Each structure stands twice: as structure tokens, then as C-alpha cells.
There are 2 protein chains.
Amino acid sequence: MSLRHALLGLLSERPASGYDLLKLFETSLANVWPATQSQIYTELTKLAGSGLIAVAAEGPRGRKEYALTDDGLAELRHWLTETTPQRTTRSDILLRVFFLGVLRPDQARAYLAELTEMSEESYEQLRRLSDSIDWDDGNLSVYGRIALEYGLRFNAMRREWAEWAAQQIT
Amino acid sequence: MSLRHALLGLLSERPASGYDLLKLFETSLANVWPATQSQIYTELTKLAGSGLIAVAAEGPRGRKEYALTDDGLAELRHWLTETTPQRTTRSDILLRVFFLGVLRPDQARAYLAELTEMSEESYEQLRRLSDSIDWDDGNLSVYGRIALEYGLRFNAMRREWAEWAAQQIT
DNA sequence: GTCATCATGTAACGTGTTACATGATTGC
DNA sequence: GCAATCATGTAACACGTTACATGATGAC
């Protein structure tokens with residue numbers, strides 16, 4: 001049920017169309033909660049149906065700009081304060097580690113080297129992103145920055161772990 | 001398509017029934033790839049249908065013990081060496097961080113404090129698990145240990161990050 | 001004999017992915 | 001006029017969750 005809340009969250013900053021939201025997902029939210037075009041449009045229709053958002057303006061090419069309603073803001077706050085996030089995250093990457101024993105040691109090391117590289121790349125990409133953003137805005141800047149810092153620390157940790165792990169394989 | 005490979009991976013160690021596999025998921029794989037009973041039984045039927053596993057023995061109470069076939073092992077190796085894992089992981093926990101601006105600062109700090117606590121608990125739980133396992137086995141022990149070390153480092157990182165983040169909120 | 005555990009299966013529903021389908025506007 | 005981009009919608013399918021349903025066996 002989180003796509004719904006991601007949309008409510010983005011709309012809490014400012015009104016936006018499905019197309020705008022798609023772009024926002026591709027840029028800011030892509031790393032924590034990817035969503036496809038079809039998913040976004042379908043969910044927006046449902047949210048409007050249940051009164052959590054409403055069409056605030058219409059533009060050219062059938063553009064519909066949605067805005068958060070009072071009910072929508074209440075639901076967003078409820079989600080943030082009254083519900084606990086899921087502790088378990090599925091990780092394709094970690095799952096493979098369990099089964100590296102069916103490969104030759106050099107193949108297993110190659111996999112871990114790939115992870116090292118992937119973590120480095122992600123780290124650098126986030127660094128560049130961090131440099132390109134102007135951190136003058138209000139709330140979204142404070143919390144966006146905190147999320148970005150998480151990404152940096154996460155990738156640094158993963159890189160070090162993958163290097164350590166490769167050394168464990170004899 | 002990873003549940004399929006998780007099952008093939010577990011069966012590469014030794015033959016097992018659906019019930020055995022369910023228990024293995026609950027203990028060893030729960031942290032990286034949770035799966036439900038219904039999902040496991042359905043997938044086993046499909047895997048047997050496509051010849052990647054086969055019923056090797058039948059026991060009391062309709063117990064069916066599955067074993068990996070040659071095709072199944074080939075598929076497992078193919079997955080490990082020829083396919084790249086998904087870089088994007090959905091994180092409920094991080095998603096919320098983006099929207100903490102709609103809450104009061106004390107509520108936002110409370111959320112981050114919750115994350116600190118959650119990370120500590122997970123860390124301790126993994127520590128205990130690490131102490132309780134005898135690390136004498138072969139492959140599964142080497143790679144199981146590497147995965148566990150990841151969990152420890154991850155939770156330590158997240159804890160420090162959450163503490164840092166709480167201080168950023170004025 | 002009864003309770004816990006072993007053991008499997010299916011149906012309904014929700015969420016996510018891929019692909020198809022259509023068309024308006026703006027810039028050049 | 002033509003191409004890029006803006007803009008929305010739906011259908012088919014895969015994957016995951018919850019709940020229901022049933023029954024055998026072993027330990028006490």
C-alpha cells in the first residue's frame with residue numbers, strides 16, 4: 001500500500017499531474033520506490049475515487065492536475081505516525097550470496113567484485129546528485145538530504161563488505 | 001522470478017519437502033527473501049512441471065521430497081552467473097523519510113528514534129544467531145556467514161545514520 | 001484419545017510489470 | 001509539416017498475501 005502514500009506525499013508539496021508525478025518518481029523517488037507510468041495513473045484514479053485527492057485544475061492535452069484533500073493529508077499523517085514500516089526487505093543481491101557455493105571460487109569472487117563496482121558507481125552517482133541540487137528549499141530539502149546521506153552511507157558500507165567478502169573466499 | 005531460484009538454491013544443498021523448505025525460509029532466508037507457505041507449494045508444483053526439480057521420495061502424510069535435477073542445477077548456475085541482480089530495492093522505511101516534513105519536528109525525531117531502536121534490535125538478533133550456529137559446515141557456512149556479516153554491518157550503519165539524522169532536525 | 005506437529009493444496013484479492021493504444025501541443 | 005514531448009488510459013500477466021480447507025501421524 002505504499003505507492004498510494006508516495007503519491008500523497010508528493011502531492012503534499014504541491015499539486016501535480018500524473019505526468020509530473022511520473023517525472024518526480026523517475027528522479028527523486030526512483031531509488032527508494034520505483035513506479036511505472038501505468039501504476040501511477042491507475043492509483044491516481046483510485047485515490048480520486050476515494051476522495052484523498054481531487055482534480056484541482058485541467059490543462060491542455062487532457063492534463064489533470066491533482067491536489068491533496070484534507071482527508072488525503074490526514075491519511076498521509078496517519079500512515080507516517082500510526083503504522084510501522086515493514087522490517088523485511090527482499091534483496092535479490094543478498095539471496096544470491098547464499099548460493100555462491102554452487103559456483104567455482106573465481107566465479108563467486110567475480111560476483112562480489114561486481115557488487116563492489118555497483119556500489120562504487122551508485123555512490124558516485126549520489127555524490128553528483130548531491131552536488132547538483134540546491135539545498136535551499138524548506139522541508140523537502142532537509143529530508144531529501146537525509147535520505148541521500150543514507151544512500152551514500154549504504155553504498156560505502158556495501159562496498160567495504162563486498163571487498164571483505166571476496167577475501168573470505170579461498 | 002527469485003523465489004524459484006531461492007528454492008533451487010536450497011535444494012542444491014539437499015533434497016527437501018515443501019514443509020522442510022518452509023522451515024528453511026523461516027529461519028535462514030527470512031531476512032533476505034521472505035516467502036509464504038502457499039507461495040512455496042505453488043512454486044514447487046510449477047518447478048516440478050518444468051522439470052527443474054523432481055519428486056525423489058515419498059513419505060508419511062503425503063510428504064513429497066523434491067530433489068534438484070541436472071536442468072535445475074544448470075538453471076541455478078545460469079541465474080547466478082548470467083543474470084544481473086536488480087539494483088533498485090523498494091524501501092518503505094526510506095520512503096517515509098522523504099515525507100517527514102508533513103509532521104511536527106518531534107514526531108519526525110520519534111520516527112528516527114524508532115529506526116535506531118529497530119536497527120539495534122536486529123543487530124542483536126543477528127549477533128545471537130551468529131553465536132548459535134556452528135560454522136563447521138562446508139559451503140553454506142562460508143556464504144551464510146558472509147550474508148550474516150552483511151546484516152550486522154547494515155544494521156550498524158543504519159543505526160548510526162538514524163542517530164545522525166535525528167540531530168539534523170531542528 | 002487427544003493434541004501438537006507434520007503436510008499439502010487452492011481461491012480470492014492486491015500489487016507490480018510489460019505492452020499496447022491513442023492523441024494533443026509545441027518548437028523548429 | 002514533422003518530430004519530440006506531453007499526456008492519459010487499459011489489458012494481460014506475474015508475483016505476493018491472506019485465508020480457508022483438509023487430513024495423517026507420533027508423542028503422551
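Only a predicted model underlies this, so the values are computations on that prediction, with no experimental measurement involved. Lettering follows sequence order; numbering is per chain, from 1.
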- Closest non-hydrogen atom pair, B/Arg158 against B/Ser122: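 Closest heavy-atom pair between B/Arg158 and B/Ser122: NH2-OG, 4.5 Å.
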Please tabulate, one pair per line, each protein N/O and nucleotide N/O from nucleotides 24-28 of chain D that are separated by under 3.5 Å, including the distance.
{"unit_1": "D/dT25", "atom_1": "O2", "unit_2": "B/Arg61", "atom_2": "NH1", "d": "3.3"}

- Message: My understanding is that only residues two or more places apart in sequence, or in another chain, count here; which of them pass side chain to side chain donor-acceptor pair (under 3.5 Å) with A/Glu149?
- Response: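 Scan of A/Glu149 (side chain to side chain donor-acceptor pair (under 3.5 Å), adjacent residues dropped) gives A/Arg153.
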In a table with atom names and distances, give each donor-acceptor pair under 3.5 Å that connects a side chain of residues 162-170 of chain B to protein atoms at least two apart or in another chain.
{"unit_1": "B/Glu163", "atom_1": "OE2", "unit_2": "B/Arg159", "atom_2": "NH2", "d": "3.2"}
{"unit_1": "B/Trp164", "atom_1": "NE1", "unit_2": "B/Gln168", "atom_2": "OE1", "d": "3.3"}

- Query: Looking at residues at least two apart in the chain, or sitting in another chain, which of them share a salt bridge (Lys or Arg N to Asp or Glu O under 4.0 Å) with A/Arg61?
  - Reply: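 With sequence neighbours excluded, A/Arg61 shows a salt bridge (Lys or Arg N to Asp or Glu O under 4.0 Å) to no residue whatsoever.
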- Would you please name every residue forming a salt bridge (Lys or Arg N to Asp or Glu O under 4.0 Å) with B/Asp131, sequence neighbours left out?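 Salt bridge (Lys or Arg N to Asp or Glu O under 4.0 Å) list for B/Asp131, sorted by chain: empty.
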- Query: Any donor-acceptor pair under 3.5 Å joining the side chain of B/Ser38 to the base of D/dT18?
  - Reply: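 When only heavy-atom distances are counted, B/Ser38 does reach the base of D/dT18 through a donor-acceptor pair under 3.5 Å.
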- Which pairs with one or both residues in residues 40-59 of chain A pass salt bridge (Lys or Arg N to Asp or Glu O under 4.0 Å), sequence neighbours excluded?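 The answer is A/Arg4-A/Glu43.
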- In residues 15-32 of chain B, which residues come under 4.0 Å of DNA chain C by heavy atom?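 The stretch gives B/Ser17, B/Gly18, B/Tyr19 as the residues lying under 4.0 Å from the strand, ordered by number.
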- Which pairs pass ring pair (Phe, Tyr, Trp, His ring centres under 6.0 Å) with one or both residues in residues 55-83 of chain A, sequence neighbours excluded?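 Every pair satisfying ring pair (Phe, Tyr, Trp, His ring centres under 6.0 Å) with a residue in residues 55-83 of chain A: A/His5-A/Trp79.
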- Return each pair, listed once, that meets ring pair (Phe, Tyr, Trp, His ring centres under 6.0 Å) where at least one residue sits in residues 24-62 of chain A; pairs must be two or more places apart or across chains.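 Counting only pairs at least two positions apart or across chains, no ring pair (Phe, Tyr, Trp, His ring centres under 6.0 Å) contact touches residues 24-62 of chain A.
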- Task: Could you give me the CA-CA distance, side-chain angles and deciding distance for B/Arg96 and A/Thr83, then say whether side chain to side chain donor-acceptor pair (under 3.5 Å) is met?
- Result: CA-CA 11 Å; B/Arg96 288 164 196 246; A/Thr83 69; 3.2 Å; yes
Can you give me the N/O atom pairs linking the protein to nucleotides 14-16 of chain D at distances under 3.5 Å, or say none if there are none?
{"unit_1": "D/dG16", "atom_1": "OP2", "unit_2": "B/Gln39", "atom_2": "NE2", "d": "2.8"}
{"unit_1": "D/dG16", "atom_1": "O5'", "unit_2": "B/Gln39", "atom_2": "NE2", "d": "3.3"}
{"unit_1": "D/dG16", "atom_1": "O3'", "unit_2": "A/Arg90", "atom_2": "NH2", "d": "3.0"}

- Item | Note, A/Tyr143 side chain near B/Val102 side chain (heavy atom, < 4.5 Å) |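 In short, these two side chains do not touch, never coming nearer than 4.5 Å.
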- OP1 or OP2 of D/dG9 less than 4.0 angstrom from a side-chain nitrogen or oxygen of A/Tyr41, does that happen here?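 Negative; the distance criterion is not met.
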- Atom OH of A/Tyr66 and atom C1' of D/dG9: how far apart are they, to the nearest Å?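 For the pair A/Tyr66 OH and D/dG9 C1', the rounded distance is 11 Å.
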- Under-4.0 Å salt bridge between B/Arg127 and B/Glu124: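 Judged by the 4.0 Å cut-off on N to carboxylate O distance, B/Arg127 and B/Glu124 do not form a salt bridge.
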- Using heavy atoms and a sub-4.0 Å distance, could you list which residues of residues 72-86 of chain B are near DNA chain D? By number, please.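 The stretch gives none, as no residue of it lies under 4.0 Å from the strand.
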- Message: For B/Thr88, give me all partners under side-chain contact (heavy atoms from CB on, under 4.5 Å), at least two apart in sequence or on another chain.
- Response: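 For B/Thr88, the residues satisfying side-chain contact (heavy atoms from CB on, under 4.5 Å) (neighbours in sequence not counted) are A/Pro34, B/Gln86.
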